[in-house]
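Chain identifiers are assigned alphabetically (A, B, ...) following the order of the sequence lines, protein sequences preceding nucleic acid strands; residue numbering begins at 1 within each chain. We use all heavy atoms of the structure for the numbers below, so side chains are in, but hydrogens, waters and symmetry mates are not.
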Amino acid sequence: FSLMRRGISEERYTDGSKWRFLEHKGPVFAPAYEPLPEKVKFYYNGKPMKLSAPAEEVATFFAKMLDHEYTTKDIFRKNFYKDWRKEMTSEEKSIITDLKKCDFSEMNEYFKAQSEARKQMSKEEKQKIKEENERLLSEYGFCIMDNHRERIGNFRIEPPGLFRGRGDHPKMGMLKRRIRPEDVIINCSKDSKHPKPPPGTKWKEVRHDNKVTWLASWTENIQGSIKYIMLNPSSRIKGEKDWQKYETARRLKKCVDRIRTQYREDWKSKEMRIRQRAVALYFIDKLALRAGNEKEEGETADTVGCCSLRVEHIKLFPKMDEQEYVVEFDFLGKDSIRYYNKIPVEKRVFKNLQLFLENKQPEDDLFDRLNTSILNKHLQELMDGLTAKVFRTYNASITLQQQLKELTCDDSIPAKLLSYNRANRAVAILCNHQRAPPKTFEKSMQNLQTKIDEKQNQLSAARKQLKAAKANHKASHDDKSKKAVEVKRKAVQRIEEQLMKLQMQATDREENKQIALGTSKLNYLDPRISVAWCKKWGVPIEKIYNKTQREKFAWAIDMAEKEF
DNA sequence: TGGCCGACTTGTCCACAGATAC
DNA sequence: GTATCTGTGGACAAGTCGGCCA
């Protein structure tokens with residue numbers, strides 16, 4: 001099962017092929033559209049209007065979103081309206097000329113009532129649905145790749161709906177169309193039992209390409225990009241790749257000093273392009289910024305990474321408070337998450353930045369002689385397999401390791417877990433993994449505090465009882481009273497532990513308010529570091545990784561020792 | 001060299017199942 | 001048993017990066 005045991009021996013395809021045998025049942029399609037009951041009406045200009053099925057379906061997408069803020073946004077409404085009209089009959093088109101006069105509220109209420117009804121379903125009904133889902137999973141959720149039965153990551157095709165990008169997306173509200181079998185390319189091995197398309201339909205194509213890992217693909221209509229059905233992270237093929245990624249980061253560890261010396265040297269280069277490359281690399285290394293590919297303007301939200309930073313995204317302060325040469329970063333990164341940071345840099349970096357800014361407008365590129373392709377080609381020369389993102393992996397993992405070393409002390413398990421989460425948190429902060437504070441945050445904090453208060457009361461009560469028992473024992477000196485003292489002592493101890501655990505939880509939750517740990521844990525932290533830490537400090541692995549995570553990191557759990 | 005495309009990884013959010021409290 | 005809370009998995013968007021082609 002472990003990669004060590006089966007993986008290394010199976011890392012045998014030197015020709016770039018990913019598998020020899022691949023068999024699966026194909027994807028599961030979204031259920032067909034169910035027209036609204038007669039009584040649920042759409043109104044135009046105050047009058048009920050029966051829509052054709054295609055127009056009605058698209059209207060329901062909008063109706064379902066009525067409570068969301070984005071149905072009030074101009075771009076969303078404009079895009080929706082434009083695509084909706086394409087689904088209307090010519091008669092509908094001539095009647096419906098203004099989105100503002102459309103009333104979807106009855107439809108909206110109908111869907112709310114439906115979801116309420118779903119919640120109110122009896123146990124038996126819920127059980128039936130659950131069983132049906134399990135059946136679907138067991139039939140479509142697995143494939144055979146080489147000699148293993150593997151879990152598929154996403155075997156359902158995305159249902160149609162209205163596209164909602166992240167941040168200020170120019171395409172928000174556009175219709176994401178329904179995917180039919182005729183849109184889907186199937187990939188499997190020739191000698192496998194090929195998946196059957198639904199009755200009366202055909203696949204777009206069935207191919208047998210073992211140089212790729214996907215089982216099915218289709219082109220999505222919003223960006224024109226390809227979507228795939230691939231395996232679950234627990235699969236051999238994903239695990240191996242993941243392991244390789246961390247091995248590359250470990251190779252970087254061995255030569256990172258040399259690379260750092262090199263780019264510091266390059267800050268002095270005569271050539272502008274080399275200076276820019278060196279400063280950018282410094283940011284990627286020090287701040288764990290993403291590479292920053294160019295993006296097509298107007299196609300996506302305006303976000304940047306290191307190489308695509310613009311003049312308007314940084315401010316230079318020769319002096320700020322007590323510090324010299326401070327750079328202030330303020331830009332929207334991946335998923336339109338804001339990156340804001342003020343850091344002091346070396347004088348040479350500062351002078352270079354001043355140079356890069358000369359004679360530029362705010363919307364000009366900071367690194368006008370650099371892009372990710374140039375940067376990665378340079379990195380490739382410094383180390384085989386090195387790219388910009390390896391720095392993120394490396395710095396995340398090394399930070400975890402250092403922080404764990406610094407923070408862990410030989411204390412209770414809850415205290416160790418708090419230390420672990422704090423180390424994890426340091427990484428999340430480095431990688432700028434933020435989250436919106438959960439809607440229920442305040443409340444859940446309050447609940448926890450109430451529990452702590454109760455526990456405290458319990459503790460003082462238990463202490464009183466212990467005191468009384470002791471007094472009693474002093475007076476009587478018999479065995480029975482001695483036992484009573486012991487029992488009470490144990491009770492106090494137990495409650496103290498429980499209280500401490502709760503307090504640790506509260507601290508942890510508070511500190512975690514706006515920080516998301518999941519992404520770094522899943523994608524950046526070499527699991528062998530965590531597994532070794534668990535072994536070293538006697539912490540059960542289940543406290544760190546849940547079931548899914550343990551499956552994903554099975555390779556590391558199997559191979560790690562106390563020291564890593 | 002630069003643009004485009006394909007494959008694959010990384011990222012946030014949210015519904016909902018199962019746990020826990022009452 | 002029901003109400004409430006919380007962690008998990010899934011949905012699906014948005015990155016990275018390499019290869020191909022003109």
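Heavy atoms of A:Pro159 sit under 4.0 angstrom from primed sugar atoms or phosphate atoms, though from no base atom. Within the 4.0 angstrom heavy-atom criterion, no nucleotide atom of any strand lies near A:Thr300. A:Ala301 comes within 4.0 angstrom of nothing in the nucleic acid, heavy atoms only. Within 4.0 Å of A:Lys241, counting heavy atoms only, lie sugar-phosphate atoms of the nucleic acid but no base atom. As judged by a 4.0 angstrom heavy-atom cut-off over every strand, A:Arg290 is placed among residues touching the sugar-phosphate backbone only.
A salt bridge is absent between A:Lys295 and A:Glu299: the closest approach of a Lys/Arg side-chain nitrogen to an acidic carboxylate oxygen does not fall below 4.0 angstrom. Here A:Glu551 does not pair with A:Arg151 in a salt bridge; the nearest charged N to carboxylate O distance is not below 4.0 Å. Electrostatic pairing of A:Glu454 and A:Lys451 does not count as a salt bridge here, judged by no charged N lying under 4.0 Å from a carboxylate O. Using a 4.0 Å cut-off between a side-chain N of Lys or Arg and a carboxylate O of Asp or Glu, A:Arg494 and A:Glu497 do not qualify as a salt bridge. Under a 4.0 Å N-O distance rule, the pair A:Lys253/A:Asp526 does not qualify as a salt bridge.
Looking at A:Cys534 and A:Tyr420, their side chains never come closer than 4.5 Å, going by heavy atoms from C-beta outward.
Computed from coordinates, the A:Lys552 NZ to C:dG10 P distance equals 14 Å when rounded to whole Å. Atom pair A:Gln114:CD and B:dC16:P shows a separation of 13 Å (rounding to whole Å applied). Whole-Å rounding puts the A:Glu294 CD to B:dC5 P distance at 15 Å. Taking atom CZ on A:Arg369 and atom C1' on B:dG2, their separation rounds to 17 Å, with Å as the unit. What separates CD of A:Glu296 from C1' of B:dG3 is a distance of 9 Å, to the nearest Å. Rounded to an integer number of Å, the gap from CZ of A:Phe155 to P of C:dG10 is 8 Å. Atom CD1 in A:Ile185 sits roughly 15 Å away from atom P in B:dC5 (whole-Å rounding). For the pair A:Asp508 CG and C:dT6 P, the computed distance is 14 Å after rounding to whole Å.
Distances shorter than 4.0 Å separate some side-chain N or O of A:Gln223 from OP1 or OP2 on C:dA14. In this model, the phosphate group of B:dT9 is approached by a side-chain N or O of A:Lys238 to a distance below 4.0 Å at OP1 or OP2. Phosphate contact (OP1/OP2 of C:dG18, side-chain N/O of A:Ser373, threshold under 4.0 Å): absent. OP1 or OP2 of C:dC17 has at least one side-chain nitrogen or oxygen of A:Asn376 nearer than 4.0 Å. Dashed line: the shortest gap from a side-chain N or O of A:Arg164 to OP1 or OP2 of B:dC13 is not under 4.0 Å. Taking side-chain N and O atoms only, A:His433 has no distance below 4.0 Å to OP1 or OP2 of B:dT10. A close approach under 4.0 Å does not occur between any side-chain nitrogen or oxygen of A:Lys245 and OP1 or OP2 of B:dC8. For C:dA13, the OP1/OP2 oxygens have a side-chain nitrogen or oxygen of A:Lys176 closer than 4.0 Å. Phosphate contact (OP1/OP2 of B:dC8, side-chain N/O of A:Thr213, threshold under 4.0 Å): present. For the pair A:Lys227 and C:dA13, the criterion of a side-chain N or O lying under 4.0 Å from OP1 or OP2 is met. Distances shorter than 4.0 Å separate some side-chain N or O of A:Arg151 from OP1 or OP2 on C:dG10. Distances shown here put every side-chain N or O of A:Tyr524 at or beyond 4.0 Å from the OP1 or OP2 atom of B:dT9. Phosphate contact (OP1/OP2 of C:dT8, side-chain N/O of A:Asn546, threshold under 4.0 Å): present. Look at A:Lys389 and you'll find a side-chain N or O under 4.0 angstrom from OP1 or OP2 of B:dT10.
Of the candidates C:dC17, B:dG18, B:dC16, B:dG18 carries the atom nearest the A:Lys130 side chain, counting heavy atoms from C-beta on. When distances run from any side-chain atom of A:Thr519 to the nucleotides B:dA7, B:dC8, B:dT10, the shortest one goes to B:dT10. In this structure, of B:dG11, B:dA7, C:dC17, it is C:dC17 that holds the atom nearest to the side chain of A:Asn293. Out of C:dC12, C:dG15, B:dA7, the shortest distance to the side chain of A:Val212 is found at B:dA7. Closest to the side chain of A:Tyr228, from the set C:dC12, C:dG15, B:dG6, is B:dG6. Out of C:dG15, C:dT16, B:dG11, the shortest distance to the side chain of A:Asn523 is found at B:dG11.
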Under 3.5 Å between N/O atoms: give me all the protein pairs with nucleotides 1-5 of chain C, atom names plus distance.
{"residue": "C:dC5", "atom": "OP1", "partner": "A:Lys443", "partner atom": "NZ", "Å": "3.0"}
{"residue": "C:dC5", "atom": "OP2", "partner": "A:Lys443", "partner atom": "NZ", "Å": "3.1"}

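A side-chain N or O of A:Asn512 and one of A:Arg425 form a donor-acceptor pair less than 3.5 Å apart.
Between A:Phe80 and A:Phe62, the gap from one ring centroid to the other is short of 6.0 Å.
More than 12 heavy atoms of other residues, nucleotides or ligands lie within 6.0 Å of NZ in A:Lys171, so this atom counts as buried by the packing criterion.
Between the side chain of A:Lys334 and the base of B:dT12, no donor-acceptor pair of N or O atoms lies under 3.5 Å.
At distances below 3.5 Å, at least one donor-acceptor pair connects side-chain atoms of A:Arg550 with backbone N or O atoms of A:Tyr545.
Toward the 5' end of DNA chain C, the nearer of the two residues A:Gly292 and A:Phe163, judged by each one's closest nucleotide, is A:Phe163. Residue A:Asn371 is the one, among A:Asn371 and A:Thr219, whose nearest nucleotide of DNA chain B lies closer to the 5' end (criterion: closest heavy atom). Mapping A:Leu137 and A:Gly165 onto DNA chain C by nearest heavy atom places A:Leu137 at the nucleotide closer to the 5' end.
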